[in-house]
Amino acid sequence: MGRKKEPLVLRVPGQVGIYVCGVTVYDYCHIGHARVMVVFDVVVRYLRASGLHVTYVRNFTDIDDKIIQRASALDLPVQVLTEQFINAFHEDMQALGVARADVEPKATEHLAEMQGMIHTLLEKGLAYPGGGDIFYAVERFPAYGQLSGKNVADLQAGSRVEVDGHKNNPLDFVLWKRAKAGEPQWPSPWGAGRPGWHIECSAMGCKYLGDSFDIHGGGMDLLFPHHENEIAQTEGSTGRPWVRYWLHNGFVNVLNEGGEREKMSKSLGNFFTIRDLLSQYPGEVVRLFILSSHYRSPLDFSQELLEAAGHGMDRLYSALSGAKKRLQSLPDALEVLPEQALLGGWGDDVESFLAAMDDDFNTPQAIAALFEMAKKINRSAVSDAEATEADALGQGVGLLRHLAALLGLLGDDPDHYFHRQAAQDMPSAEIEQLIQKRDAARLARDFQAADAIRQQLLEAGIVLQDSKEGTTWRRG
RNA sequence: GGCCGGGUGGCGAAGUGGCCUAACGCGGAGGUCUGCAAAACCUUUAUUUCGUGGGUUCAAAUCCCACCCCGGCCUCCA
């Protein structure tokens, strides 16, 4: 609330309630959505790993103007449209490794709660009817503007918004909209209609997390007016402080062909859906890309940057791959961080990872620790210290995977990671067969034949790597 | 106009008073390994330098002031 970093002091020790504004389901999700979801997925994972009991609520807005517009444009019932995009959302999130929230409430299933809150606001004189709608009277809530640092007087002066004639004050916002013909509507004490956008988060947050809870998150753009309005509604109706900590992630910009930064938007045509990206890169690469800058900073997106993230991801998996070869198997992520891990050769890295995450989820710095560990793992392969160090290596890999898992990374098997999409133009069996042929040729020192096979595979997008343990391949 | 962020190497990105002669990644250069490669490893890639100009301090990328740029919000938006 102070718009600065503060130590996390929980309402109930050991327990955290967190609410994140989800998506409006009328279209496929883009990178901006991916960012919020990945960021808060990491927040939740980390809080849990820190021993806290977390209740995570992330809503779906399944009724609003844009949904109605889109549904009528496609000539689909609203519910069919929203269900379709809720499913698409879940598919995208799965690909990105974003876990389900504990509760994923839909606005249309919480009409009673919203109406209850509106009723209270009317009773308390914080809301008023006008032209069939119900509005919130902003000037009756003195703290309005506190979260976003806005001054109500300034806002009015600068306002160039076309004001609804029924509003007492241009800043007032709608709680309940009267029904229009042909639109979805619900009965209410104030006539049939549908809820305003902001009220759903207030009502559902209170329902699942209580009248007060710890963390509320969302994109930067929601800070004003959405979250400001949420506070006004909720605290106005309950009379109690609502959310202790607000977390807002920065926006995603797109670098255009001229290298200039611009906001990602549909009108500019610089729009990338998660699906677009997933057709080119594994979800994990998108994830690493997102987490390689701090969640509060703006994030510039471009194909080149995503590709660079892909190379970084390859590097991490290469380390696992090498360790797997030497150990004959890949150690799983350690379930618990052993005390002695902090004393061994990995202690500094573990500590710096955790310190980074403890400092407002500094994922770029945490990732740096991951790369340090990968380097150490690779280095031990080169120095070839043999079996005596197998335990240390195994522990290092286990620790690396444990820490990476807190970011939702390195959960895959390296072979699976490098062999992805392989079946498309050349089945794995065929690749293996060619490798065997090439090995035979190499053994016979017929390098011309061997290189021809390697070239053939390269043209199919397969890169070979020879080593003492044998030849492996990966997608180039 | 009001209010927020931000400007760090070829690129991305940490660092917000001394350990910064600036982490980490991508990219580049040279080398080791290899039949040759690839991957990996080693060395190297900001040395009056952290947008510009002032100031505070024993000490500033980090604090203060001014200025210049960039982005966002103020209307639906993650």
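Residue numbers begin at 1 in each chain, while the letters A, B, ... track the order of the sequences. As a basis for the values below, the full set of heavy atoms in this structure was taken, side chains included, without hydrogen atoms, waters or symmetry mates.
For the pair A/R420 and A/Y417, the cation-pi criterion (under 6.0 Å, within 45° of the ring axis) is fulfilled.
Residue-to-nucleotide contacts include a donor-acceptor pair under 3.5 Å from the side chain of A/D466 to the base of B/C36.
Nucleotides B/G71 and B/G54 are separated by 27 Å at their C1' atoms, to the nearest Å. One P atom belongs to B/U75, the other to B/G15, and the distance between them is 32 Å to the nearest Å. Rounded to a whole angstrom, the distance from the P atom of B/A14 to that of B/A59 is 30 Å. Taking atom P in both B/U52 and B/U47, one finds a spacing of 14 Å when rounded to whole Å. Between the C1' atoms of B/A23 and B/A66, the separation comes to 32 Å (whole Å). To the nearest whole angstrom, the two C1' atoms, one in B/C63 and one in B/C50, are 16 Å apart.
Separating the CZ atom of A/F418 from the C1' atom of B/A38 is a distance of 12 Å, rounded to the nearest angstrom. Note: OH (A/Y295) to P (B/G72) measures 21 Å, nearest angstrom. Atom CG in A/L223 sits about 14 Å away from atom P in B/A78, given to the nearest Å. Across the protein-nucleic acid pair, A/N249 atom CG and B/G5 atom C1' stand 13 Å apart, rounded to whole Å. The CG atom of A/L291 sits 19 Å away from the P atom of B/G12 (whole-angstrom rounding). Computed from coordinates, the A/L316 CG to B/C26 P distance equals 9 Å when rounded to whole Å. Atom P of nucleotide B/A78 and atom NE2 of A/H33 are separated by 4 Å, given to the nearest angstrom. In this structure, the CZ atom of A/F60 is 13 Å from the P atom of B/A78, given to the nearest Å.
Here B/C76 is the nucleotide among B/C74, B/C76, B/A39 with the atom lying nearest to any side-chain atom of A/K66. For A/R438, the side-chain atoms get nearest to B/C36 when compared with the rest of B/A14, B/C41, B/C36. Ranking B/C74, B/G35, B/A78 by closeness to the A/D451 side chain, first place goes to B/G35. If you check B/A14, B/C36, B/G27 against the side chain of A/R454, the one that comes closest is B/C36. Checking B/G15, B/A13, B/C24 against the side-chain heavy atoms of A/A368 singles out B/C24 as nearest. Checking B/A78, B/C26, B/C73 against the side-chain heavy atoms of A/V36 singles out B/A78 as nearest. The side chain of A/R442 lies closest to B/G35 when the candidates are B/C26, B/A78, B/G35. Side-chain proximity of A/N378 to B/A40, B/C74, B/C24: nearest is B/A40. When each of B/A14, B/A40, B/A38 is scored by its nearest atom to the side-chain atoms of A/V463, the top-ranked nucleotide is B/A38.
Taking the nucleotide of RNA chain B with the nearest heavy atom to each of A/R35 and A/E372, the more 5' of the two is matched to A/E372. Between A/P364 and A/K375, the residue anchored nearer the 5' end of RNA chain B, judged by the nucleotide with its closest heavy atom, is A/P364.
Judged by distance alone, with hydrogens and angles left aside, the side-chain atoms of A/K375 form no donor-acceptor pair with the main-chain N or O of A/A319 at under 3.5 Å. At distances below 3.5 Å, at least one donor-acceptor pair connects side-chain atoms of A/D62 with backbone N or O atoms of A/A107.
Using a 4.0 Å heavy-atom distance criterion, A/L222 is classed as a sugar-phosphate-only contact. Here A/G219 lies in heavy-atom contact (under 4.0 Å) with sugar-phosphate atoms only. Note on A/T24: only backbone sugar-phosphate atoms sit closer than 4.0 angstrom, heavy atoms only; bases stay farther off. In this structure, A/V252 reaches the bases: a heavy-atom distance under 4.0 Å links it to at least one base atom across the strands shown. Contact annotation for A/F371: backbone-only contact, meaning every heavy-atom pair under 4.0 Å involves sugar-phosphate atoms and none involves a base. Backbone-only engagement by A/G22 is indicated by non-hydrogen atom pairs under 4.0 Å involving sugar-phosphate atoms exclusively. Nucleic acid contact class of A/H294 (heavy atoms, under 4.0 Å, all strands): sugar-phosphate only. At the heavy-atom level, A/F447 lies under 4.0 Å from base atoms of the strands shown.
Judged by distance alone, the side chains of A/E230 and A/S202 never bring a donor and an acceptor atom under 3.5 Å apart. Side-chain contact of A/Q465 with A/T471: a donor-acceptor pair under 3.5 Å is absent, judged by distance alone.
Taking the ring centroids of A/F85 and A/F60, they lie at or beyond the 6.0 Å cut-off. Under the 6.0 Å cut-off for aromatic ring centres, A/F418 and A/W473 do not qualify, their centroids lying 6.0 Å or more apart.
Listed pair A/N253 / B/G72 fails the phosphate criterion, with no side-chain N or O lying under 4.0 Å from OP1 or OP2.
Pairing each heavy atom of A/R442 with each of A/F447, the nearest pair is O-CE2, 4.2 Å.
Atom CD of A/Q455 is surrounded by more than 12 heavy atoms from other residues, nucleotides or ligands within 6.0 Å. When the shell of 6.0 Å around CD of A/E139 is examined, it contains more than 12 heavy atoms from other residues, nucleotides or ligands.
Remark: B/A40 base-pairs with B/U32. Criterion, Watson-Crick or G-U wobble with two distances under 3.5 Å. Pairing for B/G1 is with B/C74, a Watson-Crick or G-U wobble pair whose two hydrogen-bonding atom distances lie under 3.5 Å. With a 3.5 Å ceiling on both atom-pair distances, B/G17 lacks any Watson-Crick or G-U wobble partner.
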Produce the list of close N/O pairs, under 3.5 Å, pairing protein atoms with atoms of nucleotides 6-11 of chain B; give distances to one decimal.
none

